[in-house]
Amino acid sequence: MSTEKSLNFLEEIVKEDVTSGKHGGRLLTRFPPEPNGYLHIGHSKSICLNFGLAQQFGGQTNLRFDDTNPVTEDTEYVDSIMEDIAWLGFKWANVFYASDYFDQLYNFAVKLIEQGLAYVDDSSAEEIAALKGTPTEPGKDSPFRSRSIEENLSLFTRMRNGEFKDGEKVLRAKIDMASPNMHLRDPLMYRIKHAHHHRTGDKWCIYPMYDFAHGQSDAIENITHSICTLEFEVHRPLYEWFIKKLDLYPSRQYEFARLNLNYTVMSKRKLLQLVNEKHVTGWDDPRMPTISGLRRRGYTPESIRAFAEKVGVSRRDNIIDVGLLEFCIREDLNKNSLRAMVVMDPLKLIITNYEEGKTEILKGENNPEDEQSGTRDIPFSRELFIEHEDFKEVAEKKYFRLAPGLMVRLKSAYIIRCDSFVNDESGNIIEVHCTYFPESRSGSDTSGLQAKGVIHWVEANTAIPVEVRLYDRLFGVEDPSSEEGDFKSYLNPHSLDMKSKALGEPSLKKAAVGDKFQFLRKGYFCVDRDSVGGKLIFNRTVPLKDSWAKEQKK
RNA sequence: UGUCCGAUGGUGUAAUGGCAACACUGCAGAUUUUGAUUCUGCCUUUCCAGGUUCGAAUCCUGGUCGGACAACCA
């Protein structure tokens, strides 16, 4: 209806708050990852949302590491997270850590104890769970719930001083064991962990729980809009309870539906398993849905941002078709990548009427979508290699590639006609013989001939050997997590297909790690960092759409 | 037999009481020295039942279905 782009529900809330001057017109969001794994495509939605919203409405965004659990967290993850966010193109106003607030958080806890709103519980984890009730049954009070303020204060101090072992005591908020909201049934605030923290070292042996750290961290930073995923919705009453009892800045939490992609998994726990059990080569394996994996695969920040924009924001569960992600990267790379020719499965082709020993230099368009991109030199001679699948002994209907008697155009070169082919002892085709038409040279074609098909090729003497890694979806089913049994049993055994005998045109020699190309008729590829010792290795980012392959499947 | 949240084409997302639309996918065609790109057309949609209203995808009631919540994880 309207020509204006409609706003998603978060944009509407923020716009309303900013224009009404709710926080003095101020807007501050935050992105709060836990440094216990690498960021994935789902996080990129959250990143684009938090940073994008701030950008759009004149605010800022803090990066805050939610590092309240020293046993799972590591600086390796901190570094990768910062790298990924910067790579995506976003700038944070500040980098903070929840651990920056450990002293304040401790004082908040003391304050609640003094108000009679928190107590030290000697129960074991099992005992606490047993008294917690279930979502449909109320819980029961802990026998330690009515300790005096003085005793709680003393015990909590002793917890901090390291007088107790892990698990011996916890600090709990005193709220309501019968609350229909499980999170309000005297939630844990602090637990004892004699563990080394990646930032605070051995200063602490008690660490705040997420619920006791997150909301207050937002409040300490004066975050105006605390945006997170739907599973934290039931935490919001607790978040607000702490803010109210501690009289802190009233940050408000808003929840949106997390991104799900089909044919992959998105939980850090599962991704970590794939890494640890070597189903992939690492967090940045090009098949991983991690940001570092997508980067190595050849995805651009622009394409991921476009994807985040296209999937939209709402509060209902969703599973996005990975085809949309592929559309976004094709759209970007079609406009922006240089073209080159690479033959994956080489088949020798001899042009019998072409002078032996002669080489001529032809011109190839670098990018037909970009007039400024110019041309490159491509050598041509009597001996070439073409794609094995571009030749057939017997042409079927609608087939317009090479077959005896058929003509095709060699891209950027001449039209040729296939005259014969050579088999080896076992019947494999090892050579194709053709005649070329000298007047059909690309750009100055006066032959009047018409070839329906166009195929790519490389010149035999100048082609460079390259390795090409063809990737397919990591899993064979749309939603591995919802299938019976172990999700790993649904891994796609063909998710990586190595073409180690591929040949590339000589212009590729100067390609550097990360450079992106469209290999004509094949797909988009980028140079992998494994390229060493002069041999180039290319990752296939995504294949070109292939309506011929589709036709053949029918 | 709890609380909270949600339900619009195959997948997502709009429409904010007034003609259900956009993108992706799929199908058909045109163009093409990439069976790519581009362009054109087409298929397909408001969970159900009541109610309010001149008028309901939208508001109300009741159902149905789906999701979240019972870690000393975040």
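Convention: sequence-line order gives letters A, B, ...; per-chain numbering from 1.
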* Asked: If we require ring centres under 5.5 Å and near-parallel planes under 30°, does Y210(A) stack on rA74(B)?
  -> no

* Asked: On a whole-Å scale, what distance lies between the C1' atoms belonging to rG9(B) and rC47(B)?
  -> 14 Å

* With respect to F242(A), which candidate in F212(A), Y210(A), F108(A) satisfies the ring-ring contact (aromatic ring centres under 6.0 Å, His included) definition? -> F212(A)

* To do: Kindly say whether, by distance alone, the side chain of S412(A) makes a donor-acceptor pair under 3.5 Å with the base of rU33(B)?
  => no

* To do: Kindly say whether, by distance alone, the side chain of R339(A) makes a donor-acceptor pair under 3.5 Å with the base of rU34(B)?
  => yes

* To do: Please state whether the base of rU34(B) and the side chain of Q518(A) form at least one donor-acceptor pair under 3.5 Å?
  => yes

* Asked: Using the C1' atom in both, what is the distance from rA7(B) to rU58(B), to the nearest Å?
  -> 13 Å

* Does NZ or CZ of K452(A) come closer than 6.0 Å to the centre of the six-membered ring of F400(A), within 45° of the ring's axis? -> yes

* Taking atom C1' in both rA15(B) and rA74(B), compute the distance separating them and give it to the nearest angstrom. => 37 Å

* **rC24(B) and rG41(B), which share atom name P, separated by this distance in whole Å** => 14 Å

* Distance-only donor-acceptor test, R401(A) side-chain atoms vs rG35(B) base atoms, 3.5 Å -> yes

* Asked: Who does rC27(B) pair with, Watson-Crick or G-U, both distances under 3.5 Å?
  -> rG41(B)

* With P as the reference atom in both, quote the distance from rA14(B) to rG6(B) in angstrom, rounded to an integer. => 13 Å

* Would you say the ring centroid of F327(A) lies under 6.0 angstrom from that of F307(A)? -> no

* Which one, rU37(B), rA15(B), rA70(B), comes nearest to the side chain of N334(A)? -> rU37(B)

* Counting just side-chain N and O atoms, does K169(A) come under 4.0 Å of either OP1 or OP2 of rC72(B)? -> no

* rU52(B) to rC60(B) separation - C1' atoms, rounded to the nearest Å -> 7 Å

* Asked: Which whole number of Å gives the distance between the P atom of rC48(B) and that of rC69(B)?
  -> 29 Å

* **rU34(B) base / R521(A) side chain donor-acceptor hit below 3.5 Å** => no

* **R316(A) (side chain) and rU8(B) (base): donor-acceptor pair under 3.5 Å** => yes

* **Ionic contact status for D445(A) with R409(A), cut-off 4.0 Å** => yes

* To do: Mark yes or no for a side-chain to base donor-acceptor pair under 3.5 Å between E365(A) and rU33(B), with no hydrogen or angle criteria applied.
  => no

* Could you tell me whether the side chain of N367(A) and the main chain of L338(A) form a donor-acceptor pair under 3.5 Å? => no

* To do: Name the nucleic acid region contacted by S314(A), choosing base, sugar-phosphate or nothing; use a 4.0 angstrom heavy-atom cut-off, strictly under.
  => sugar-phosphate

* **Gap in Å between the two P atoms, one belonging to rG17(B) and one to rA30(B), rounded** => 46 Å

* Asked: Does any nucleotide pair with rG9(B) by Watson-Crick or G-U wobble geometry, both distances under 3.5 Å, and what is it?
  -> none

* Just call it for K550(A): base, sugar-phosphate, or nothing, with non-hydrogen atoms closer than 4.0 Å on any strand. => sugar-phosphate

